[in-house]
Number of protein chains: 2
Amino acid sequence: MTGTNPVLTSAGYLLLKAGTQFHGVIDEALGAEDLTGRQFLVLTFVGGEDQLSQLELSRRLNLDPTIIVGLLDELGDRGLVNRVRDPADRRRHLLELTAAGRRAQHRAAKAVAIAERGFLAPLGASDRKQLRRFLLEVMQSRLPWLGDA
Amino acid sequence: MTGTNPVLTSAGYLLLKAGTQFHGVIDEALGAEDLTGRQFLVLTFVGGEDQLSQLELSRRLNLDPTIIVGLLDELGDRGLVNRVRDPADRRRHLLELTAAGRRAQHRAAKAVAIAERGFLAPLGASDRKQLRRFLLEVMQSRLPWLGDA
DNA sequence: TATTGTTATACTCTATAACTATA
DNA sequence: TATAGTTATAGAGTATAACAATA
């Protein structure tokens, strides 16, 4: 197709489309665990190193704090996440995974990894690694909690 | 940060975040042209090689046909796009850019290219090119109208 | 007086269904 | 009878503002 506008083969446009399409792929892959991509990220962040408050979680997910409430309500009802009052500052809720939450996160992470493999299948293993390095390079300054992973 | 979950440094997660963040960057860059990213893509597709109907446009943008209506109404009111009845099938509207529409698309494309440069600034020129090749490889089968650009 | 989390409300966006005109 | 485009409506998702409890 000779006349395709350069915009439509630019890295930026392809990045946008890859992002949205991969989002769909993820949500589908997580359907078996009855999780959305967003819920999976909540589990992942809550299960991470630093014990997060709701406000800190909202910043990492780039979501309004009011949205976090409903997310945690549901994951709490399903017995995957607990809210614990911070004894040092009783306004804050510290978040932690239950044992079931940890198991669900692990299963979901496997499903996501497989989906990612499938999505990137047109690339060979070393190209996939290099793509990851490029993206890490680009995003490092924009995702401060990555540190220098 | 030693304990960062591998999910958060995976190609897939970084792809998602890069996509959403770049979306924000684009919308901001296009603010000067008073266009959203979506409107810019409409102009770009309509200005492209094949003369599209609204239905075909909705497929390329992956948007419901009912959403296209409002988009074209506004871009039409602003004198950037025209709807022309297809003489061969009078149910269809063929879309075309006005002269002003073509100028707006060109200006916007420049702004977007600059924004993309900024977004990918952590990468050198040859890494940017390679990133684009990787993304093209991955997305080629998912964006059929790219052909083998 | 400021901050964390919560609730209620309003707004935006999208999906669904029904309609017109063409085929 | 099916399709392209349109309109109206309802639903989902989000942002805004106000509130209770802590600091």
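In this text, all values refer to a predicted model and were calculated from it rather than measured experimentally. A, B, ... follow the sequence lines: proteins, then strands. Residue 1 opens every chain.
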Enquirer: Reckon Ile67(A) touches a base, only the sugar-phosphate, or nothing at all at heavy-atom distances under 4.0 Å?
Expert: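 Touches sugar-phosphate only.
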Enquirer: By the definition side-chain hydrogen bond (donor to acceptor under 3.5 Å, both in side chains), identify the one residue from Gln54(A), His93(A), Glu96(A) that meets it with Arg83(A).
Expert: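 Testing each of Gln54(A), His93(A), Glu96(A) against Arg83(A), the sole residue satisfying side-chain hydrogen bond (donor to acceptor under 3.5 Å, both in side chains) is Gln54(A).
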Enquirer: Between Ile68(A) (CD1) and dT3(C) (P), how many Å, whole number?
Expert: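 Ile68(A) atom CD1 is separated from dT3(C) atom P by 19 Å.
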Enquirer: Quick check: do Leu135(A) and Leu15(A) have side-chain heavy atoms less than 4.5 Å from each other?
Expert: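 A side-chain contact exists here, since the closest heavy-atom pair is under 4.5 Å.
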Enquirer: Could you tell me the separation between the CZ atom of Arg59(A) and the P atom of dT3(C), rounded to a whole number of Å?
Expert: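 Spelled out: CZ on Arg59(A) to P on dT3(C) is 11 Å.
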Enquirer: Nearest whole Å is fine: how far is dT7(C) P from Leu72(A) CG?
Expert: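 After rounding, the reported distance stands at 12 Å.
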Enquirer: Expressed in angstrom and rounded to an integer, what is the separation of Asp64(A) atom CG from dT7(C) atom P?
Expert: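 My rounded result for the distance is 14 Å.
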Enquirer: Within this structure, what is the CG-to-C1' distance between Leu57(A) and dT6(C), rounded to whole angstrom?
Expert: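 Spelled out: CG on Leu57(A) to C1' on dT6(C) is 16 Å.
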Enquirer: Hey, are the side chains of Arg102(B) and Gln105(B) touching, using non-hydrogen atoms and a 4.5 Å cut-off?
Expert: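 A side-chain contact is absent here, since even the closest heavy-atom pair is not under 4.5 Å.
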Enquirer: Given atom CG of Leu61(B) and atom P of dA15(C), what is their separation to the nearest angstrom?
Expert: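 That distance rounds to 13 Å.
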Enquirer: Are any of the side-chain heavy atoms of Leu71(A) and Gln39(A) separated by less than 4.5 Å?
Expert: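 Yes, at least one pair of side-chain atoms sits under 4.5 Å.
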Enquirer: Output the rounded distance in Å from CG (Leu55(A)) to P (dT22(D)).
Expert: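 Distance check: Leu55(A) CG to dT22(D) P gives 17 Å.
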Enquirer: Looking at Phe134(A) and Gln130(B), what are the two nearest heavy atoms and their distance?
Expert: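 Of all heavy-atom pairs spanning Phe134(A) and Gln130(B), the closest is CE1-CG, 3.7 Å.
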Enquirer: What is the minimum heavy-atom distance between Asp27(B) and Gly37(B), and which atoms define it?
Expert: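 Nearest pair, atom of Asp27(B) first, then Gly37(B): OD1-N, 2.7 Å.
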Enquirer: Looking at dG5(D), dA15(D), dT16(C), which one has an atom nearest to any side-chain atom of Ser53(B)?
Expert: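 For Ser53(B), the side-chain atoms sit closest to dG5(D).
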Enquirer: Without decimals, in angstroms, what is the distance between Gln54(A) CD and dT3(C) P?
Expert: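 My rounded result for the distance is 17 Å.
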Enquirer: Please list, by residue number, the residues of residues 82-96 of chain B whose heavy atoms come closer than 4.0 Å to an atom of DNA chain D; answer none if no residue qualifies.
Expert: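 Residues of residues 82-96 of chain B that come under 4.0 Å of DNA chain D are, in numerical order, Arg83(B), Arg91(B), Arg92(B), His93(B).
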